[in-house]
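First comes the structure, then the notes that go with it.
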Amino acid sequence: MDFTATLLFFALLISSAKALDLCGSQPDKSDLSVIPIYGKCSPFNPPKPESWVNTIINMASKDTARVEYLSTLVAQKTTAVPIASGQQVLTIGNYVVKVKLGTPGQTMFMVLDTSNDVAWAPCSGCTGCSATAFSPNASSSYGSLDCSLPQCTQVHGLSCPATGPDACSFNQSYGGDSSFSANLVQDSLTLANDVVPNFAFGCINTISGKSVPPQGLFGLGRGPLSLLSQSGALYSSVFSYCLPSFKSYYFSGSLKLGPVGQPENIQTTPLLKNPHRPSLYYVNLTGVSVGQVRVPIAPEYLAFNPNTGAGTIIDSGTVVTRFVQPLYMAIRNEFVKQVKGPFTTIGVFETCFEASAEVEAPLITLHFEGLSMKLPMENSFLHTSVGSRACLAIAPVPNNVNAAMNVIANLQQQNHRILFDVANSRLGIAPEACN
């Protein structure tokens, strides 16, 4: 290639890159990008520069509050929407979804949370909120909801007089160390090409603490005010997501809403509903293997118990998979038998070893009723910043959690398509490059 042709090639390359919006829609107009919080397209500022592994170690240290919070949750058409790997105020690791509220739509990056029902967003004039807030006065479709309406009875933390048309106000805790107050309101919710009219959500007016998502929360739980319930036949209680790796700078994943376009031949396991914690997505974990060895564990540490809330859940907001102590110790003890030590502790990770032994380290397989999920190396191990140590990327459930729950977290879900078919009570899992 001569000099002129080379210049022309690079000019075309630069022109094409400028024309391609890496942070916008993917070729499928309904399929929007999913971007890590520390990636190029993130709306949030990352903390001071550090390695992504140190960042995950820091994020995972906040999981204790998340798991404790989950333990307190006691009763009470295909579209792909952008979700971005994120942290709530850079405190709790999770993912955010790009939505638009109001008419015309106001863009918000809201935390994707499969363990919560009600959506909420900071509204203009909010005390303790971030600079980005939804402005009700700028929306022609905005409406308030008063205590006389049925939606108001479906919110936890409700504060309403016995009679009268007062605003439907409520208070909630989040993340274990934060709380907020809000009014229940309604407006249009735009997700890619779809519009959900009269979508009820919390309009936050006061925040206390650091764990409340800066631009709000997008609840994908099972309650009457979740997106699945409010969207009705539009999505038929079906969604799936593919979460990108925390390492992804340019790569992205997707949230697909509705039954059309979901994987057809995906392996599934029964999706269980626990009346003790009705918002959470329970599955039947039947065992765990370390390499070729299925670890011995008493059935009660795996069993689904609708009376106590014990069992195993799939959660988008916890970073590192947590097992109840007896199961965790059984996994760790078998792993230590198969990998050359010595072993050290780094942060919440108690099984760190020489990185040179990683190539021979056994992989972890999670066995569910009807399918097995063999975790690839990148979902199983983390390297320290200096690269000399690798850690088994699981941890025990905190001792003070009041009911035994195993939590399959987002680090282990990354680069997998996770299908929630609530209508047919099944959960599917299949490897997929989320880029």
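Residue numbers count from 1 along this sequence.
- In summary, of the residues considered (L419, D421, L371), a side chain to side chain contact (heavy atoms under 4.5 Å, CB included) with I266 occurs for L419 alone.
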Practice item. I would like to know whether F109 and F218 meet ring-ring contact (aromatic ring centres under 6.0 Å, His included); could you show each step before the answer? Key: CA-CA 9 Å; F109 286 84; F218 189 64; over 10 Å; no

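- Under the 3.5 Å distance criterion, with hydrogens and angles disregarded, a donor-acceptor pair is assigned to the side chains of Q414 and Y95.
- Side-chain contact between T318 and N410: absent, with no pair of heavy atoms (C-beta onward) separated by less than 4.5 Å.
- For the atom pair CD of Q106 and NZ of K100, the computed distance is 11.0 Å after rounding to the nearest 0.5 Å.
- Note that CD1 of I364 and CG of L392 are 5.0 Å apart. Values are rounded to the nearest 0.5 Å.
- Between I314 atom CD1 and L280 atom CG the span is 11.5 Å, to the nearest 0.5 Å.
- The side-chain heavy atoms of I313 and N274, taken from C-beta on, include no pair separated by under 4.5 Å.
- With hydrogens and angles left out, the side-chain atoms of R332 and T351 include a donor and acceptor closer than 3.5 Å.
- Put simply, the side chain of S229 gets close to the backbone of G223: a donor and an acceptor are under 3.5 Å apart.
- Atom CD of Q186 and atom CG of L101 lie 12.5 Å apart (nearest 0.5 Å).
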**Study point:** Audit row: L271, R222, side chain to side chain contact (heavy atoms under 4.5 Å, CB included) steps and yes/no
**Key:** CA-CA 12 Å; L271 193 58; R222 294 168 148 183; 3.2 Å; yes

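- Looking at heavy atoms from C-beta onward, N171 lies out of side-chain contact with S179 at the 4.5 angstrom threshold.
- Residues V238 and V422 form no side-chain contact, since every pair of their non-hydrogen atoms from C-beta on lies 4.5 Å or further apart.
- The aromatic rings of F381 and F335 are tilted relative to each other, their planes meeting at an angle between 30° and 60°.
- Between C123 and C126 the SG-SG gap reaches or exceeds 2.5 angstrom.
- In summary, the side chains of N406 and T312 do present a donor paired with an acceptor at a separation below 3.5 Å, with no hydrogens or angles considered.
- Between the side chain of S316 and the backbone N or O of T114, at least one donor-acceptor pair lies under 3.5 Å.
- When atom types are taken as modelled, the side chain of R322 and the backbone of P396 share a donor-acceptor pair closer than 3.5 angstrom.
- For S226 (side chain) and G221 (main-chain N/O), a donor-acceptor pair under 3.5 Å exists by modelled atom type.
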Practice item. Given side chain to side chain contact (heavy atoms under 4.5 Å, CB included), test L227 with F199 step by step and report yes or no. Key: CA-CA 8 Å; L227 173 70; F199 181 76; 4.1 Å; yes

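- Using modelled atom types, one side-chain atom of Q413 and one backbone atom of I408 make a donor-acceptor pair closer than 3.5 Å.
- Under the 3.5 Å distance criterion, the side-chain polar atoms of R277 are matched with a main-chain donor or acceptor of G309.
- Side-chain atoms of Q325 and Y301 form no donor-acceptor pair, as typed in the model, at a separation below 3.5 Å.
- Salt-bridge check for R389 with E354: passed, with a basic side-chain N closer than 4.0 Å to an acidic carboxylate O.
- Remark: the backbone N or O of C434 is paired with a side-chain donor or acceptor of N415 at under 3.5 angstrom.
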Exercise for review: Start with the C-alpha distance between L285 and L327, add both sets of side-chain angles, then the distance that settles side chain to side chain contact (heavy atoms under 4.5 Å, CB included), and finish with yes or no.
Suggested key: CA-CA 11 Å; L285 180 69; L327 176 55; 4.2 Å; yes

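- Closest heavy-atom contact between L145 and A200: CD1-CB, 4.1 Å.
- Partner of C352 under the side chain to side chain contact (heavy atoms under 4.5 Å, CB included) criterion, out of L382, T345, T344: T344 alone.
- In this structure, the separation between OG on S240 and NZ on K256 is 6.5 Å, given to the nearest 0.5 Å.
- H367 and S289 form a side-chain donor-acceptor contact under 3.5 Å, judged by distance and modelled atom types alone.
- Interatomic distance, CG of L225 versus CD of Q230, reported as 5.5 Å (0.5 Å rounding).
- The two residues I207 and C129 make their nearest non-hydrogen contact at CD1-SG, 3.6 Å.
- Contact detail for A121 and M110: the closest heavy-atom pair is CB-CE, 4.3 Å.
- Considering L366, T365, I429 in turn, T365 is the only one that fulfils the side chain to side chain contact (heavy atoms under 4.5 Å, CB included) rule with S372.
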Practice item. Could you walk me through whether D194 and Y235 pass the side chain to side chain donor-acceptor pair (under 3.5 Å) test, one step at a time? Key: CA-CA 10 Å; D194 295 334; Y235 300 132; 2.9 Å; yes

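- In plain terms, the two heavy atoms of I204 and A182 that are nearest each other are CA-CB, 3.7 Å.
- Two residues are said to be in side-chain contact when any heavy atoms from C-beta on lie closer than 4.5 Å; K273 and P278 meet this criterion.
- None of F180, F201, F134 except one satisfies the ring pair (Phe, Tyr, Trp, His ring centres under 6.0 Å) rule with W120; the exception is F180.
- Considering every non-hydrogen atom in both V290 and Q338, the closest pair reads O-NE2, 3.1 Å.
- Side chain of N424 to main chain of R426: no donor-acceptor pair is present (N/O by atom type, distance under 3.5 Å, no hydrogens or angles).
- Under the 3.5 Å distance criterion, the side-chain polar atoms of Q267 are left unmatched by any main-chain donor or acceptor of G428.
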Review point. Does the side chain to side chain donor-acceptor pair (under 3.5 Å) test come out yes or no for Q412 and T321, once each step is laid out?
Key: CA-CA 7 Å; Q412 279 64 49; T321 290; 2.8 Å; yes

Practice item. Mind running side chain to side chain contact (heavy atoms under 4.5 Å, CB included) on I418 and L427 for me, showing each step along the way? Key: CA-CA 7 Å; I418 311 294; L427 182 132; 4.2 Å; yes

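- For the residue pair F349 and A393, the shortest heavy atom distance occurs at CE2-CA, 3.8 Å.
- Side-chain contact between N379 and H416 is present, with heavy atoms from C-beta onward closer than 4.5 Å.
- Counting heavy atoms from C-beta outward, F368 and M373 have side chains that approach closer than 4.5 Å.
- No side-chain heavy atom of I297 sits under 4.5 Å from any side-chain heavy atom of V288.
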